[in-house]
Number of protein chains: 2
Amino acid sequence: MEKDITIYDIARELELSPTTISRALNDHPSVNKNTKQRISEAAAQMGYRSNLFASNLRKQRTNTIGMIVPRLDSPFHSAVIAGIEKIANEEGYNLIISQSLETLHKEVANAKTMFDSRVDGLLVSLSFETDSLEHFEQFINRGIPVIFYDRVTEHKNCTNIIIDNLQAAYKATTHLIEQGCTNIVHITGNLKRNVYADRLKGYKYALIDHNLPFTESNVLKSQLTEEAGKLAAEQILAMNPLPDGIFVSNDTCAVSCLRTLKQAGISIPRDMAVIGFNNDLTSRVVEPNLTTINYPGQEMGEVAVRVLLMQMNGTGEKIPSNTINLRSELIIRESSLRGKASPKKKDILL
Amino acid sequence: MEKDITIYDIARELELSPTTISRALNDHPSVNKNTKQRISEAAAQMGYRSNLFASNLRKQRTNTIGMIVPRLDSPFHSAVIAGIEKIANEEGYNLIISQSLETLHKEVANAKTMFDSRVDGLLVSLSFETDSLEHFEQFINRGIPVIFYDRVTEHKNCTNIIIDNLQAAYKATTHLIEQGCTNIVHITGNLKRNVYADRLKGYKYALIDHNLPFTESNVLKSQLTEEAGKLAAEQILAMNPLPDGIFVSNDTCAVSCLRTLKQAGISIPRDMAVIGFNNDLTSRVVEPNLTTINYPGQEMGEVAVRVLLMQMNGTGEKIPSNTINLRSELIIRESSLRGKASPKKKDILL
DNA sequence: TTGTACGCGTTATCAA
DNA sequence: TTGATAACGCGTACAA
């Protein structure tokens with residue numbers, strides 16, 4: 001366990017000043033080319049490594065991006081994180097990650113850690129429970145940009161990255177109606193969160209615009225997990241009359257629900273048409289294949305971090321738009337096709 | 001954008017020395033209780049936050065754990081990361097994450113970043129390409145513990161966390177044989193990696209122990225992706241005679257392969273029995289449900305980080321065992337049950 | 001129980 | 001083009 005080499009060691013070795021060493025290693029223009037060469041060779045040979053703490057301490061900057069997600073083990077968030085890490089890494093930033101596990105108190109604790117770690121920027125997707133943004137004010141007060149994605153909320157100083165959930169849900173519901181469904185159930189998550197509230201609105205407006213009644217009893221609140229899908233299916237089977245269409249707010253839950261219904265003897269899509277949300281791998285595996293909304297997680301991550309980097313390095317100019325909408329699309333598969341359409345036809349993008 | 005409050009500011013405010021402030025905030029025993037109380041109140045009121053860099057610089061310790069994974073968007077690695085984050089967070093450590101994207105050069109670059117970031121410990125699952133551990137020597141030389149999990153390699157100073165891949169594959173293959181399969185194909189990944197090499201061995205030994213021939217042509221090398229599953233299925237369909245059993249080294253690939261075979265008119269498990277690896281969600285969704293090996297990702301993450309923490313904080317004593325084996329198990333589902341066994345029976349654990 | 005003084009390794013500033 | 005010096009904020013040996 002040898003001692004670390006510092007720029008002083010190199011300076012002594014080369015009979016130069018530490019200043020020059022520092023400059024050379026940072027490729028400062030005012031250092032002689034030959035000197036630079038000598039220094040970088042010596043540094044490599046001596047096994048020098050820069051001390052980021054000292055540098056951060058001095059520069060008051062960490063080159064670190066913080067991230068708070070509800071859960072790390074979700075296909076959607078994995079995709080987002082993969083996108084973020086890719087860009088952050090390319091741009092020379094470290095990524096610190098923590099999960100709120102859908103609780104407010106963890107989210108608050110995570111925010112504190114991120115703050116103490118002096119992240120240069122923060123990317124957040126809110127937990128189910130979050131109903132106040134107080135724990136993010138500390139960042140905003142210090143000019144540290146905060147960006148919300150997917151599970152967002154309005155804040156005058158923060159950019160939101162989302163898809164048009166209302167429109168996507170509207171399209172999905174309309175598609176069900178066009179397939180002849182007249183009694184459509186919607187399985188949703190925590191309505192505090194924009195994503196679920198907006199999808200509910202889209203569902204509702206589509207019904208109304210097509211002169212179908214909207215009834216509260218057709219909206220099932222759920223945790224949207226695999227387990228919750230089974231429970232929802234049981235609730236649906238107890239309904240009288242049975243619905244003929246189901247729009248679920250994520251694929252995990254939709255797939256589990258679909259399978260439970262099938263096991264109970266319901267024919268999909270003939271008796272009930274089903275639509276999910278996210279385009280997870282499982283939507284392409286379940287039989288019949290699940291109609292769903294394609295939600296570009298990796299792309300969302302890349303956009304989010306790019307915008308964050310702009311704000312971090314920006315000359316202070318605010319980006320005019322406070323909300324960035326990414327394109328999403330309805331992918332029609334067999335689980336919702338009740339017409340004469342061949343079930344073998346290729347995926348159709350709307 | 002106010003200026004940061006430091007212990008000096010608090011000291012001035014309370015007419016005490018910075019030393020006392022520092023001690024009080026770190027709950028040092030030799031500070032008067034009342035003084036402590038006053039100080040922590042003032043700190044809270046003034047909006048003080050500790051500067052981790054200065055502290056790290058001084059303490060030569062970062063409270064940060066580094067992690068290098070092949071891909072962030074994989075169900076298995078997501079589960080591992082979730083487990084690691086949970087424990088690390090509880091113990092007050094930050095987590096820095098990067099992905100190698102299965103390439104050596106990225107893994108090397110990531111290792112350098114982790115080293116410069118002065119992580120206190122490192123968790124690694126190796127990329128497909130990695131064939132040298134040189135980039136980890138810098139850590140080991142400085143006494144920074146490195147732990148490999150899942151995709152591991154032998155190193156006299158590093159602990160490995162794995163499951164018994166050979167045994168798991170042996171069990172899976174034996175199960176196929178017991179179900180009457182005599183011509184079994186194995187779809188594997190990059191054989192440089194222990195996980196795939198060991199599973200191949202388990203497959204091979206099971207065949208030999210049951211007096212079945214082992215033929216190279218029955219081993220298909222693959223990227224184990226969704227796409228690769230389709231390709232593998234096509235290769236299998238071109239075989240003559242057709243095999244009657246398939247053991248695949250992950251679920252994503254197994255499911256995709258199974259579906260492609262079904263579409264080509266093969267009956268699963270009657271014509272071909274199929275077994276996967278990992279127990280991903282898709283294995284419970286595909287029809288017929290996939291027999292697979294349960295691979296406890298979250299648990300593996302938790303164990304890995306616990307062992308790492310012990311080594312980081314250990315009094316230098318080495319842990320006797322160099323390899324920690326976690327329990328895995330064969331989950332028998334319909335995709336491999338060819339006997340008279342009811343396909344509706346519950347999952348069977350072996 | 002409290003305080004003084006210094007060092008951790010780097011970079012910004014000013015001067016040469 | 002190079003160097004001397006101070007400062008970033010904290011923790012600790014030593015002194016009181």
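Throughout, a chain's letter reflects where its sequence line sits, starting with A, and its residues are numbered from 1. Here the structure is a predicted model, which is why all the values come from computation and not from measurement. Only heavy atoms go into these numbers, but all of them, side chains included; no hydrogens, no water, no symmetry mates.
- Among C:dC14, D:dG9, C:dC8, the nucleotide with an atom closest to any side-chain atom of A:R23 is C:dC14.
- The nucleotide whose nearest atom lies closest to any side-chain atom of B:T19 is, among C:dT4, D:dG3, C:dT2, C:dT4.
- The side chain of A:I7 has C:dT11 as its nearest neighbour among D:dT2, C:dT11, C:dG7.
- Distance from the side chain of B:S17 is smallest for C:dG3 among the nucleotides C:dC6, C:dG9, C:dG3.
- With hydrogens and angles ignored, no donor-acceptor pair closer than 3.5 Å exists between the side chain of B:T20 and the base of C:dT1.
- Side-chain to base pairing of A:R58 with C:dT11: one donor and one acceptor N or O lie within less than 3.5 Å of each other.
- Dashed line: the shortest gap from a side-chain N or O of B:T35 to OP1 or OP2 of C:dT1 is not under 4.0 Å.
- When each of C:dG9, D:dC8, C:dT2 is scored by its nearest atom to the side-chain atoms of A:N51, the top-ranked nucleotide is C:dG9.
- Among the atoms of the strands shown, only primed sugar atoms or phosphate atoms (P, OP1, OP2) are found under 4.0 Å from some heavy atom of B:S55.
- Using a 4.0 Å heavy-atom criterion, one finds that B:Y8 contacts the bases of the nucleic acid, with or without backbone contacts as well.
- Contacts of B:N56 with the nucleic acid, taken as non-hydrogen atoms under 4.0 Å apart, are absent.
- Straight-line distance from the NZ atom of A:K59 to the P atom of C:dC8: 21 Å, rounded to whole Å.
- Of the candidates D:dG9, C:dT11, C:dG3, the closest approach to any side-chain atom of A:L57 belongs to D:dG9.
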